2 protein chains.
Amino acid sequence: MDRYLRMTHQREVILDELRRSKTHPTADELYERIKKKLPRVSLATVYRNLEILSEAGLIKKLEISGRQKRFDWDPGEHDHVYCIHCQRVDNITLAAPAPEVEPMRQQGYRITGRRIEFSGLCPKCLRQQETKKTKGERAMACASCTTSKVSDTQRQVLEALANSPEACGSKELAAATGLEAKQISCQITALKNKGYVASPARCKYEITEQGKNVLG
Amino acid sequence: MDRYLRMTHQREVILDELRRSKTHPTADELYERIKKKLPRVSLATVYRNLEILSEAGLIKKLEISGRQKRFDWDPGEHDHVYCIHCQRVDNITLAAPAPEVEPMRQQGYRITGRRIEFSGLCPKCLRQQETKKTKGERAMACASCTTSKVSDTQRQVLEALANSPEACGSKELAAATGLEAKQISCQITALKNKGYVASPARCKYEITEQGKNVLG
DNA sequence: ATGTATTTGATAATCATTCGCAAGTCAAGG
DNA sequence: CCTTGACTTGCGAATGATTATCAAATACAT
C-alpha cells in the first residue's frame with residue numbers, strides 16, 4: 001500500500017517536460033523550461049516533485065560526478081557517460097552485456113545497487129579542444145603570473161570580460177571561455193596583478209581601461 | 001615541468017593522516033582528526049590540500065553518491081561500495097577482473113575514465129536493520145499523522161529528543177535514531193500536531209511536557 | 001459539496017565547498 | 001645571511017545546490 005500520490009498540474013508538467021528531454025537535465029534546467037509553461041512555479045516545487053517522482057520509481061535521480069544531480073525519465077537500469085568539460089550526460093550501451101557481479105555480500109555488505117559511469121569528452125567539446133591546441137599552457141598557468149605580457153589563456157579571459165556588460169564571476173567566465181574554473185581564478189589573479197582586471201565586489205570581476213588597451 | 005609543490009607541515013600531516021586511515025574519510029572527518037595535531041589549521045587548508053594532492057596524483061578524490069566527497073590514500077584504480085545507511089565507503093574487489101570495455105569513442109565520446117560503484121548495507125547496518133524488523137512502518141508513516149497514539153517510529157524520535165540536552169535539528173535526529181531524514185520530518189510534523197514536540201527555532205525541535213508524559 | 005491530507009509558493013536555512021585577502025613561509029640566488 | 005617572489009595559510013565571508021518551514025491553496029474519496 002503505497003502512499004497516496006496526487007496528480008497535480010505542476011507534477012504533470014514536470015514529468016512531461018522531463019520525458020520530452022533527450023538529455024538528462026538538472027533540476028535547475030528543468031525549472032527554467034517549466035517556468036515558461038507555469039510562470040508561477042517555485043523552484044522548490046520542482047525539486048520536491050523530482051524527488052517524489054524518483055522515489056515512486058517513475059523517474060530516476062542520477063548522482064553523477066559533479067555538483068548538480070540530474071534526472072532521467074527512464075527509470076530502467078542503464079549506464080551513463082558524462083563530459084568532463086561541459087557536464088553533459090548521455091546514455092551509453094556497454095559492449096559486454098553482462099556487467100559484472102562479485103561474490104555476493106562481499107566484505108559482509110548486502111549489495112543492492114550498482115552504478116557504472118564513464119567520463120570523457122563529448123563530441124562537441126572534443127572538436128573544440130582540437131581546434132584550440134592547448135599546448136603546455138596549463139602547467140605554466142601559475143608561473144606566468146608575473147610575466148608582463150598576457151598569455152593566450154589570459155587574453156581569452158580578458159575578452160570574455162570585455163564582452164560582459166557587467167562584472168561577472170569565475171563560473172560565468174569558465175562557461176564563456178570553456179576553461180576550467182581552476183585556471184580562471186589563477187589567471188584572474190595574474191590579470192589583477194597586471195592591473196588589467198579589477199574586482200568591484202567579492203568574486204566579481206571586470207576589465208580595466210588598461211586591460212582594454214591590451215585587447216585593442 | 002610540473003608546478004612547484006612545497007611540502008609544508010600541514011600538507012605532511014594531512015597526507016599522513018589520510019594514509020593511516022583504513023576508511024575513506026570526508027574532508028571534514030579528516031579536519032577533525034588533524035585539528036588534534038595542528039590546532040590552528042583551517043578547514044579551508046584541508047580542502048585546499050586534498051584538492052592539490054589529488055590533482056598531483058598522490059591521493060584520489062572519490063565522488064561517491066551523496067553529498068560529501070571522500071578521499072582515498074590509494075590513487076590506484078579500484079572500485080568501491082558504500083553503505084546507503086551510514087554512508088561508509090569500502091573498497092571492493094570485482095569477481096570478473098576485466099570490468100568491461102565498450103566500443104571506444106561510443107557516441108562520439110572520447111572516454112578517459114570509468115567508475116564502478118556498488119551500494120548496499122554494510123555489515124553493521126545490516127545487523128541493526130535485522131534486529132529492528134521495520135515492518136510496514138515506512139509506507140504508513142505519513143498516514144499516521146493524525147492518529148492520536150504515537151507509532152513506534154514516533155516514539156523513537158521522541159526518545160531521541162528527550163535525550164538531547166537542547167533543541168536539535170532533523171539531521172541529528174536521523175543520526176540518533178537511525179531513521180531516514182525523510183521520515184524524521186514527517187514524524188516531527190505529526191508529533192507537532194499532537195503537541196508532543198515544539199519548535200523553538202526554525203529547524204530545531206524539542207520535546208514538550210506533554211511529549212514527556214507519553215514516554216513516561 | 002465537504003472534510004482533510006497533500007501540495008504549493010515564497011523564503012529562510014543548511015551544508016559542503018570555495019574564494020578573497022592579508023600575513024606568513026619556503027627555497028633558491030645572490 | 002638576506003632578498004625575493006612564488007606558494008601557503010587562516011580567517012571569514014561567499015557560493016551554489018538542495019532542503020525545510022509555514023500559511024494558503026488543492027485535489028480526492030466519500
Side-chain angles (χ1 to χ4, degrees), chain A residues 3-14 26-29 31 35 38-52 61 63 66-70 141-147 169-172 174 181-182 184-186 188-190 192-193 199-205, chain B residues 3-14 26-31 34-35 38-52 61 63 66-70 141-147 169-174 181-182 184-186 188-190 192-193 199 201-205:
Chain A
R3 186 152 55 111
Y4 179 58
L5 253 197
R6 282 188 197 158
M7 187 42 74
T8 60
H9 187 41
Q10 22 284 78
R11 198 108 86 196
E12 210 162 21
V13 173
I14 290 170
T26 61
D28 198 64
E29 283 165 8
Y31 171 60
K35 262 202 298 197
L38 300 173
R40 301 184 54 77
V41 275
S42 155
L43 176 56
T45 300
V46 174
Y47 270 105
R48 236 181 335 227
N49 282 308
L50 288 171
E51 182 67 35
I52 290 172
K61 194 205 280 194
E63 312 217 9
R67 303 161 212 323
Q68 289 157 282
K69 280 162 191 146
R70 289 173 176 275
C142 284
S144 70
C145 285
T146 46
T147 65
S170 54
K171 288 275 159 78
E172 294 150 76
K182 281 245 115 188
I184 298 289
S185 58
C186 183
I188 286 287
T189 307
K192 277 200 298 190
N193 287 339
S199 180
R202 287 207 165 197
C203 310
K204 295 288 173 188
Y205 310 105
Chain B
R3 186 150 54 110
Y4 179 58
L5 252 197
R6 283 190 195 155
M7 187 43 74
T8 61
H9 188 41
Q10 22 283 78
R11 197 108 85 195
E12 209 162 23
V13 173
I14 290 170
T26 62
D28 197 64
E29 284 166 8
L30 228 26
Y31 171 61
I34 287 162
K35 261 202 301 198
L38 301 172
R40 301 185 52 76
V41 273
S42 155
L43 176 57
T45 299
V46 174
Y47 270 105
R48 239 181 331 230
N49 282 309
L50 288 172
E51 182 65 35
I52 290 172
K61 194 204 280 192
E63 311 216 10
R67 306 168 206 323
Q68 290 157 280
K69 281 167 190 143
R70 290 174 175 276
C142 283
S144 69
C145 286
T146 46
T147 66
S170 54
K171 289 274 158 79
E172 294 155 73
L173 287 174
K182 281 247 116 187
I184 298 289
S185 59
C186 183
I188 285 287
T189 306
K192 276 198 299 188
N193 287 340
S199 180
R202 286 209 166 197
C203 310
K204 295 287 175 189
Y205 310 105

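Not measured: the values here are computed from a predicted model.
Across all strands shown, B:Met7 has no heavy atoms under 4.0 Å from either base or sugar-phosphate atoms. When heavy atoms are screened at a 4.0 angstrom cut-off, A:Asp28 is found touching no nucleic acid atom at all.
Among the nucleotides D:dA17, D:dC11, C:dT8, the one closest to the side chain of A:Gln68 is D:dA17. Nearest to the side-chain atoms of A:Arg6 among the listed nucleotides D:dT26, C:dT17, C:dT8 stands D:dT26. Comparing D:dT9, D:dT18, C:dT17 by their nearest atom to the side chain of A:Ala27 picks out D:dT18. The side chain of B:Tyr47 lies closest to C:dT17, out of D:dC11, C:dT7, C:dT17. Checking D:dA17, C:dT17, D:dC11 against every side-chain atom of B:Leu43, the shortest atom distance belongs to C:dT17.
Across the protein-nucleic acid pair, B:Gln10 atom CD and C:dC26 atom P stand 8 Å apart, rounded to whole Å.
Of all heavy-atom pairs between A:Tyr31 and A:Leu43, the closest is CE1-N, 3.5 Å.
Applying the side-chain hydrogen bond (donor to acceptor under 3.5 Å, both in side chains) rule to B:Thr45 yields the partners B:Arg48; only residues at least two apart in sequence or on another chain are considered. In this structure B:Lys35 satisfies the side-chain hydrogen bond (donor to acceptor under 3.5 Å, both in side chains) test with no other residue, sequence neighbours excluded.
Where A:Arg48 and A:Thr26 meet DNA chain D, the nucleotide closest to each residue was compared, and A:Thr26 sits on the side nearer the 5' end.
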